[in-house]
Every structure is written in structure tokens, then in C-alpha cells.
Number of protein chains: 2
Amino acid sequence: MAARLGVVSVVQAVIRSLRARIFSGELAPGTPLAEVDVAAQYEVARPTAKAALENLVASGLLTRNAHQTARVTLLSARDALDIYRTRAIIEAEAVRLLAALREVPSEAREANAEITELVGASPIDIIDPDIRFHAALVQALGSRRTSAIYAQLTDEIRLCMTHVQDATLLSTKDIAAEHARLLQLISEGETAAAAKVLEEHLRTASNKLAEHLESL
Amino acid sequence: MAARLGVVSVVQAVIRSLRARIFSGELAPGTPLAEVDVAAQYEVARPTAKAALENLVASGLLTRNAHQTARVTLLSARDALDIYRTRAIIEAEAVRLLAALREVPSEAREANAEITELVGASPIDIIDPDIRFHAALVQALGSRRTSAIYAQLTDEIRLCMTHVQDATLLSTKDIAAEHARLLQLISEGETAAAAKVLEEHLRTASNKLAEHLESL
DNA sequence: AATACGGAAATTGTCTTACAAGTACACATG
DNA sequence: CATGTGTACTTGTAAGACAATTTCCGTATT
């Protein structure tokens, strides 16, 4: 049950901290993270810092070439479109299965309820429930590997969000409404229609996102 | 252009060698790989061996718990079904796109021609062209991340193959015939039928595979 | 003045050594 | 025979050092 403790290993702890700082926006895209600096900041040995950085590079959160210092990944518009296209493949399949079973995951319903309550809040606050909503759909597939792959994508999706930061790309109300419509189609067993709504939902979101990234 | 050289870094070289040995069957599933042993074999420092092992653990080729020596992953029947289910999601989407464009990737056609020529050969020899056939379909999606994810899955697929080793699960002739039928449906623009054939192709393969793994 | 060359600084890649911490297995003991 | 303990083995982390590579800046040349 070590997973419930905050620290499993020093490397893991550093990884967690860096991830949190990246997602919070404290470490903005492009920020350099040298091994010695990270080691000094956390008071750990350089190999430890190195291992943490390599892990984050593998996740796509950091980018680095050989003999160059790692930097927080700066995603392009092309990247955003690619990420959303990939997630759409997985989520569409999940939605088709759920619709075939006419099974609406309770976590998805709860996450969307949370979004509905946050109509006036900052767009940053809806990132978390929004991600939980979509993750709940994928989770329903019940595939360990599909979920793992989607979790990886989720990291990059969150990174996308930090790029746009406070920019309001879509209204909270619209998002909640589209989610609700999707859940309704699932409950009605409309597999094709549900998949179509999801794909359209992701397409409009990624277009807005790409448009915003292009303007940077 | 360092990628064309055999050695980019020592860690990478060790990773490559271990991967090859795992896929060749020299390192059978369950084989323990202690850090000190790997370091001694390749005459590298333990941290270097450690980094290589950690990379392979991340790929799923090796398995290890904290403070325990890594072992070549032993896949269960459940794992095989999960792997094939996940790859089916991605490949089905690729096939649907290709059929919509009526575009048959030349690499897929060439890979299947290679399989056809190997009707009498050992089942091990068709692993490579078979994997290339399926990879060509996914490559056609033109998505960097989808391809990367599929490449990861490919590692586990190859690992599956080493588990069954010489066991003839499906006849080479049948495989080539199903591939040919799939390509034909793609060229005819039969999106739904092509996807269905692919899913059936993967389902029968994974069932045979799972059945065989269950009996171990 | 612009460009090419050369060198110094910074950073990563790897190795060596060392010790701490955890796990597993055998052994002794009740 | 079951249980607890201790030891050997393995991994986790640290500290220091040197090699290799890249980047950047200053200098010299055209």
C-alpha cells in the first residue's frame, strides 16, 4: 500500500513535484531544466535528477536533444491537432461500446455535474473535471493498456491547457451541454450518433486550441 | 544522422542488445536480469545497466517490483487479449480511413507478398513481415502519436510471439489470404466491411494466442 | 563589415566507489 | 511443524570525477 504514501522513492517524488509545477504553469513551456539545477533545488544527487528528467522526457512533458538541457515542451498547433486526433480514436471506440451497452459511467455524470456548477468560474477550474469526464469514458473500456495509453495522452492534453492558460476558448456552458448530449445518446443506445457528437466535440475544441497556439 | 550508427549512447546500445535478445528468445520470459549481471556482461557501470533496465521495464518488456530483480515479462492470456484489443482499436480506425480514401499502402502490399512467398517457412519467419503489414496500415494515419503508441504495442506483440515460439497457431496461407482480402476491401472503399475483416482477423489470432498461453 | 575559425564555458554522458534500505531465503528455535 | 530471526543478495541513492559534446563568444581574416 505504498501508493497511498506521498513518497515511494526519491526519483518518483521529484517527478511528481516537477509534473505538478509544469501543470500549474509555474514552469512555463520553454523553461530550461538543467540536471544540476534540479538536483540543487531538491537537494538530491544529479543521477536522481537525471532519472526524473528522463522520465518526464519520455512522457513528452520535457524535450531535449543529446547533450542539451531539457526544456518544458512547447507544443505547436500541429501537436495539438495530433493529440486530439489520437485521443478521439480511443474515446470514440469507448463511446461506441458504452452506447451499445446503454451504460453511462457514473463518474462521467458526476464530472459533468461538477462542470455545470462551475459556469461562472475560471476556465482553469474546469480542466480537471473535463479531463475526468473524458477519462471516465475510456476507463469504461476496461482495458489496462488502453487506459495506460490514454493516461499518457492526458499528460499532453494538460500541457496543452497550460499553453492557453486563462484564454477562454469555449464557454463552460457549451461544454457541459455537449457532454450532457453525449451521455444522453449513450443511454439511448445511439452508437453512431454518440461517436459523431464526441468527434465533433473534440474537433471543435482542437481547432480552437490550434488556432490559439498558432497565434503565439 | 547519428541514428544510422550502431551506437548513439551506451545506454541505448545496451537497450538495443537486450531487446534483440528478448525478441530472439535467447532471454526467455521469466529470465532474471540483475543490474550487476547486465553491467558485468556488457562491461558497463551499474547505473548504465540500471538505466537500460528501467527503460525496458517502461516498455513492458521487463517486469519488476521495488527492490526486486527485473525479469523478462511473462504475458498471460488476459494480457494477450488486452494487447490485441487495444491494437484493434487503432488498426480499425486506420483501415476505415484507408478504405475511405481507397488507398492501399504499398508497404502493406509488399509485406504481404513477402508472407505469401514464405508459405513453407517456419512460423517465426512470418512474424516480421506480419508486423510490418499491420504497422503499414497504422503508419498511413500519418499521426506521430498514434504511430508511437502503436510502436509501443508492437513491442508487446513481439513478446507475445516469442511466448508461442514455434507453435503454429494459424497457417501462413490463411494469414496471407485474410490480408489480401483486407487490402481488396480497402481498394473498393468498403470501410465497414474492411474494418470488420480486420477485427475478425485480430480476434481469431488473439483467441488462438490466449488459448495457447492458457495452456502453459 | 561580414564571415570563418578557434577556444573557453557549460552541460550532459559515463564511470567508480560507497553506503543505506529493502527483500528473500535458509536456519535455528519454540 | 510453525514461527521468528538473521544473513546474503539486490536495489536505491549519493558523491566525486573525468570525458565528450554543444554552444557561444571573441578574434582574426577576407
Side-chain angles (χ1 to χ4, degrees), chain A residues 1-22 27-74, chain B residues 1-22 27-74:
Chain A
M1 294 297 125
R4 306 178 70 174
L5 296 172
V7 176
V8 194
S9 79
V10 178
V11 176
Q12 288 297 321
V14 174
I15 291 172
R16 277 196 206 183
S17 173
L18 287 175
R19 283 171 57 93
R21 291 170 67 191
I22 291 171
L27 299 175
T31 305
L33 286 173
E35 295 183 358
V36 282
D37 295 344
V38 174
Q41 276 183 32
Y42 291 100
E43 294 183 352
V44 297
R46 188 162 73 91
T48 303
K50 183 188 188 64
L53 291 176
E54 278 172 353
N55 183 297
L56 293 171
V57 168
S59 318
L61 266 45
L62 299 183
T63 308
R64 108 163 127 178
N65 305 359
H67 293 98
Q68 272 172 282
T69 141
R71 289 171 177 278
V72 179
T73 301
L74 184 66
Chain B
M1 295 300 127
R4 306 180 69 174
L5 297 172
V7 176
V8 194
S9 79
V10 178
V11 176
Q12 288 297 320
V14 174
I15 291 172
R16 277 196 206 183
S17 173
L18 287 175
R19 283 171 56 95
R21 291 170 69 190
I22 291 171
L27 298 175
T31 305
L33 287 173
E35 294 183 0
V36 281
D37 295 343
V38 174
Q41 276 182 34
Y42 291 99
E43 294 183 352
V44 296
R46 188 162 72 91
T48 304
K50 182 188 188 66
L53 291 176
E54 279 173 352
N55 183 297
L56 293 170
V57 168
S59 321
L61 266 44
L62 299 183
T63 309
R64 104 164 131 179
N65 306 358
H67 292 97
Q68 272 171 286
T69 142
R71 290 171 177 277
V72 179
T73 301
L74 184 66

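Values reported hereafter were calculated over all heavy atoms of this structure, with side chains retained and with hydrogens, waters and symmetry mates removed. Here is the naming used below: chain letters follow the sequence lines, and residue numbers restart at 1 for every chain.
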N/O contacts under 3.5 Å, protein versus nucleotides 17-21 of chain C?
| residue | atom | partner | partner atom | Å |
| --- | --- | --- | --- | --- |
| dA18(C) | N6 | Arg46(B) | NH2 | 3.3 |

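- Scored by the side-chain contact (heavy atoms from CB on, under 4.5 Å) test, Ala52(B) finds Val11(B), Val14(B), Ile15(B) as partners (sequence neighbours excluded).
- Distances shown here put a side-chain N or O of Arg64(A) below 4.0 Å from the OP1 or OP2 atom of dG13(C).
- When DNA chain D is scanned 5' to 3' for any atom under 4.0 Å from a heavy atom of chain A, the first and last hits are dT13(D) to dT23(D).
- Atom CG of Asn55(B) and atom C1' of dT14(C) are 17 Å apart (whole Å).
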Self-check item: Full working for side-chain contact (heavy atoms from CB on, under 4.5 Å) between Thr31(A) and Ile22(A)
Solution: CA-CA 10 Å; Thr31(A) 305; Ile22(A) 291 171; over 6 Å; no
Distance-only criterion, 3.5 Å: show the donor-acceptor pairs between side-chain atoms of residues 54-63 of chain A and protein atoms not counting sequence neighbours.
| residue | atom | partner | partner atom | Å |
| --- | --- | --- | --- | --- |
| Ser59(A) | OG | Asn55(A) | O | 2.9 |
| Thr63(A) | OG1 | Thr73(A) | OG1 | 2.6 |

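- The two residues Pro29(A) and Leu74(A) have their closest heavy-atom pair at CB-CD1, 3.5 Å.
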Anything under 3.5 Å between a donor and an acceptor, one on a side chain of residues 33-44 of chain B, the other on a protein residue two or more places apart or in another chain? List them.
| residue | atom | partner | partner atom | Å |
| --- | --- | --- | --- | --- |
| Glu35(B) | OE1 | Arg46(B) | NH1 | 2.8 |
| Glu35(B) | OE2 | Lys50(B) | NZ | 3.3 |
| Glu35(B) | OE2 | Arg64(B) | NH1 | 3.2 |
| Gln41(B) | OE1 | Arg21(B) | NH1 | 3.0 |
| Gln41(B) | OE1 | Arg21(B) | NH2 | 3.4 |
| Tyr42(B) | OH | Ser17(B) | OG | 2.5 |
| Tyr42(B) | OH | Arg21(B) | NH1 | 3.0 |

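- Across residues 32-43 of chain B, Ala34(B), Glu35(B) each have a non-hydrogen atom less than 4.0 Å from an atom of DNA chain D (numbered order).
- Between atom CZ of residue Arg71(B) and atom CG of residue Asn65(B) there is a gap of 10.5 Å, rounded to the nearest 0.5 Å.
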